[in-house]
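Beneath this line is the structure, given in structure tokens, with notes to follow.
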Amino acid sequence: MTEPTSANHKSGNNTSSRSELRDDDFLVPAVRTIDMEIAAVQALLPRIGAEFVRACELVLSCTGRTIVIGMGKSGHIANKIAATLASTGTPAFFVHPGEASHGDMGMITRSDVVIAISNSGETAEIITLIPLLKRLGTPLIGMTGSLTSALASASDTHLDISVESEACPLGLAPTSSTTAALVMGDALAVALLETRGFSAEDFAFSHPGGKLGRKLLLKVGDVMHDGTETPQVKPDTPLRHALLEMTQKGLGMTTVVDSKGQLLGVFTDGDLRRAIDQQVDINTATVVEVMTPNCLTIHPNMLAAEALSIMETKTITALVVEDEKQARGVVHMHDLLKAGVV
């Protein structure tokens, strides 16, 4: 009688049970993979030369968009490179080469430049597009692992992303090759970023909903309390009435202005504590006697992040917003924290 086979043998699965596995069974291939991909990236360094410069020049001189194309795993890398370019000052988007053969070719114009990524350089969906790109006169930057491939030969400039071997032990799954392509794309994006003089403010403009966007784009005028929300009293206001204004507006302070709205000073909870320490009669004193004159102020067009920095440095929680000697409003630290300026 034949011995019953195990479930693993029936399915052709030779995976060991978890109890038979050691930590090194996971760690050794992981470290080997990282080492191989580091080597693949380091191999790119001597290839950054005239061809790379030509690629940068083609993108910089482009009056349209930079179109990045790729199939399969190279397509995922192409999509990421396009996103990186777009967020760092180079208008770009991804076009699927398969879809381009079925209508999306209309998204590419003679004013654009195309970056085509293919490890073999023979991807059929990309090769099909080459005659159309040549007819349009659209410059073509090839990124391949083969200098003699059809794509490399047809390109106006070629970026060599070849690798000695894939990190995948079967040599099948794109691993080292996709890492090399991604790094080459990042190198291109950063080189263009610095050449364009792309600033942090420019980056924030492309990321208005992000944390950096809030830091670099939000102005004091966008978050300050103004109009009737601004605590405000005249210099001859009795101190007890000034305290009432502070309580009603809930900012821990009040501005002190003259009849023309010009800022004379502020009265804060710190001023109140000092007045009590000095045994000032709260019932008879006026706010001008205990206020802080010549107080620190900021402009409504100042970045909110700068206002927060001032508050942290001076250990205060609110600042008067002044414009042309007029008290325009008050910004409180809580407003800045609520707006995400941290």
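On a predicted model such as this, the values are computed, not experimentally measured, just so you know.
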Subject >> Candidate pair Thr237 and Thr286, rule side-chain contact (heavy atoms from CB on, under 4.5 Å), full reasoning >> reply: CA-CA 5 Å; Thr237 301; Thr286 58; over 6 Å; no
**OP:** Output yes when a side-chain donor or acceptor of Thr255 lies under 3.5 Å from a complementary backbone atom of Pro231, and no otherwise.
**Re:** yes
**OP:** Using the side chain to side chain donor-acceptor pair (under 3.5 Å) rule, take Thr109 and Arg65 through it: C-alpha gap first, then chi angles, then the decisive distance, then the call.
**Re:** CA-CA 9 Å; Thr109 73; Arg65 298 288 189 270; over 6 Å; no
Original post:
What pair of heavy atoms forms the shortest contact from Ile126 to Ala116, and how long is it?
Top reply: CG2-CB, 4.0 Å
Subject >> Heavy-atom check, side chain of Ile310 versus side chain of Met302, under 4.5 Å >> reply: yes
**OP:** Could you tell me the separation between the CD1 atom of Ile117 and the CD1 atom of Ile69, rounded to the nearest 0.5 Å?
**Re:** 9.0 Å
Original post:
Is it the case that more than 12 heavy atoms not belonging to Lys134 sit under 6.0 Å from its NZ atom?
Top reply: yes
Subject >> Any donor-acceptor N/O pair, Thr268 side chain to Gly270 backbone, under 3.5 Å >> reply: yes
**OP:** Go through Met184 and Leu44 one step at a time and tell me if the side-chain contact (heavy atoms from CB on, under 4.5 Å) criterion holds.
**Re:** CA-CA 8 Å; Met184 184 65 81; Leu44 296 176; 4.0 Å; yes
Original post:
Got a donor-acceptor contact below 3.5 angstrom from the Glu166 side chain to the Ser176 backbone?
Top reply: yes
Original post:
Does the side chain of Leu243 reach to within under 4.5 Å of the side chain of Leu272, using non-hydrogen atoms?
Top reply: yes
Original post:
Would you say the side-chain atoms of Thr254 and Gln232 include a donor-acceptor pair closer than 3.5 Å?
Top reply: no
Subject >> Glu51 side-chain N/O to His158 backbone N/O, donor-acceptor pair under 3.5 Å >> reply: yes
Original post:
Is the shortest distance from a Lys or Arg side-chain nitrogen in Asp226 or Arg328 to a carboxylate oxygen in the other one below 4.0 Å?
Top reply: no
**OP:** Assess whether atom NZ of Lys73 is packed by more than 12 heavy atoms of other residues, nucleotides or ligands within 6.0 Å.
**Re:** no
Subject >> Shortest non-hydrogen contact from Pro131 toward Ile127 >> reply: CD-O, 3.4 Å
Subject >> In one Ile/Leu/Val/Met/Phe/Trp/Tyr side-chain cluster, 4.5 Å: Met311, Ile298 >> reply: yes
**OP:** Evaluate the criterion side-chain contact (heavy atoms from CB on, under 4.5 Å) for residue pair Val68 and Val95; output intermediate values, then yes/no.
**Re:** CA-CA 6 Å; Val68 193; Val95 171; over 6 Å; no
**OP:** Identify the two heavy atoms, one from Thr84 and one from Ser87, that lie closest to each other, and give their separation to 0.1 Å.
**Re:** O-OG, 3.1 Å
Original post:
Would Leu239 end up clustered with Val288 when hydrophobic side chains under 4.5 Å apart are linked, directly or stepwise?
Top reply: yes
Original post:
In terms of hydrophobic clustering (I, L, V, M, F, W, Y; side-chain heavy atoms under 4.5 Å; direct or indirect links), are Ile115 and Ile161 co-clustered?
Top reply: yes
Original post:
Atom NE2 of His299 and atom CG of Leu319: how far apart are they, to the nearest 0.5 Å?
Top reply: 14.0 Å
In a table with atom names and distances, give each donor-acceptor pair under 3.5 Å that connects a side chain of residues 25-41 to protein atoms at least two apart or in another chain.
{"from": "Asp25", "atom 1": "OD2", "to": "Arg22", "atom 2": "N", "distance (Å)": "2.7"}
{"from": "Thr33", "atom 1": "OG1", "to": "Pro29", "atom 2": "O", "distance (Å)": "2.7"}
{"from": "Glu37", "atom 1": "OE1", "to": "Thr179", "atom 2": "OG1", "distance (Å)": "2.4"}

**OP:** Indicate yes or no for a side-chain donor-acceptor contact from Lys249 to the backbone of Thr228 under 3.5 Å, with no hydrogens or angles considered.
**Re:** yes
Original post:
How about Leu140 and Leu151: do any of their side-chain heavy atoms sit closer than 4.5 Å?
Top reply: yes
Subject >> Heavy-atom pair of closest approach, residues Met143 and Ile81 >> reply: CE-CD1, 4.5 Å
Subject >> Pairs touching residues 270-291 that satisfy salt bridge (Lys or Arg N to Asp or Glu O under 4.0 Å), sequence neighbours left out >> reply: Asp271-Arg274
Original post:
Checking side chain to side chain donor-acceptor pair (under 3.5 Å) for the pair Asp335/His225: CA distance, chi angles, key distance, verdict?
Top reply: CA-CA 9 Å; Asp335 303 319; His225 297 268; 2.8 Å; yes
**OP:** Ignoring hydrogens and angles, tell me if any N or O in the side chain of Ser111 forms a donor-acceptor pair with the backbone of Gly64 under 3.5 Å.
**Re:** no
Original post:
To the nearest 0.5 Å, how far apart are SG in Cys62 and CD in Glu57?
Top reply: 14.0 Å
**OP:** Kindly determine whether Leu192 and Leu85 satisfy side-chain contact (heavy atoms from CB on, under 4.5 Å), including the steps that lead there.
**Re:** CA-CA 8 Å; Leu192 291 166; Leu85 287 167; 3.9 Å; yes
Original post:
Between Ala82 and Ala92, what is the shortest heavy-atom contact and its length?
Top reply: O-CB, 3.7 Å
**OP:** To the nearest 0.5 angstrom, please state how far the SG atom of Cys295 sits from the CD atom of Glu322.
**Re:** 7.0 Å
**OP:** Please round to the nearest 0.5 Å and tell me the distance separating atom CZ of Arg110 and atom OG1 of Thr138.
**Re:** 7.0 Å
Subject >> Heavy-atom pair with the smallest gap, counting every atom of Ala150 and Ile130 >> reply: O-CD1, 4.3 Å
Subject >> Asp323 and Gln326, any side-chain heavy atoms less than 4.5 Å apart >> reply: no
Subject >> Cluster check Val220, Leu251: I/L/V/M/F/W/Y, side chain < 4.5 angstrom >> reply: no
Subject >> Close side-chain approach of Ser101 and Leu129, heavy atoms under 4.5 Å >> reply: yes
Subject >> Test item: Lys219 and Leu303 side chains (from C-beta on) under 4.5 Å apart, heavy atoms >> reply: yes
Subject >> Pairwise side-chain contact, Lys80 with Leu182, heavy-atom cut-off 4.5 Å (strictly under) >> reply: yes
Original post:
Name the one of Leu159, Thr157, Ile141 that satisfies side-chain contact (heavy atoms from CB on, under 4.5 Å) with Arg54?
Top reply: Thr157
Original post:
Are Met333 and Met224 grouped together when hydrophobic residues (ILVMFWY) are joined by side-chain heavy atoms under 4.5 angstrom apart?
Top reply: yes
Original post:
Is any side-chain heavy atom of Leu264 closer than 4.5 Å to a side-chain heavy atom of Pro293?
Top reply: no
Original post:
Is the His334 ring parallel, tilted or perpendicular to the His332 ring (thresholds 30°, 60°)?
Top reply: tilted
**OP:** Any chance you could measure Asp222, atom CG, to Asn301, atom CG, to the nearest 0.5 Å?
**Re:** 9.0 Å
Original post:
Between the side chain of Ser149 and the main-chain N/O of Ser146, is any donor-acceptor distance below 3.5 Å?
Top reply: yes
**OP:** Say whether, by atom type as modelled, one donor and one acceptor occur between the side chain of Thr178 and the main chain of Thr175 under 3.5 angstrom.
**Re:** yes
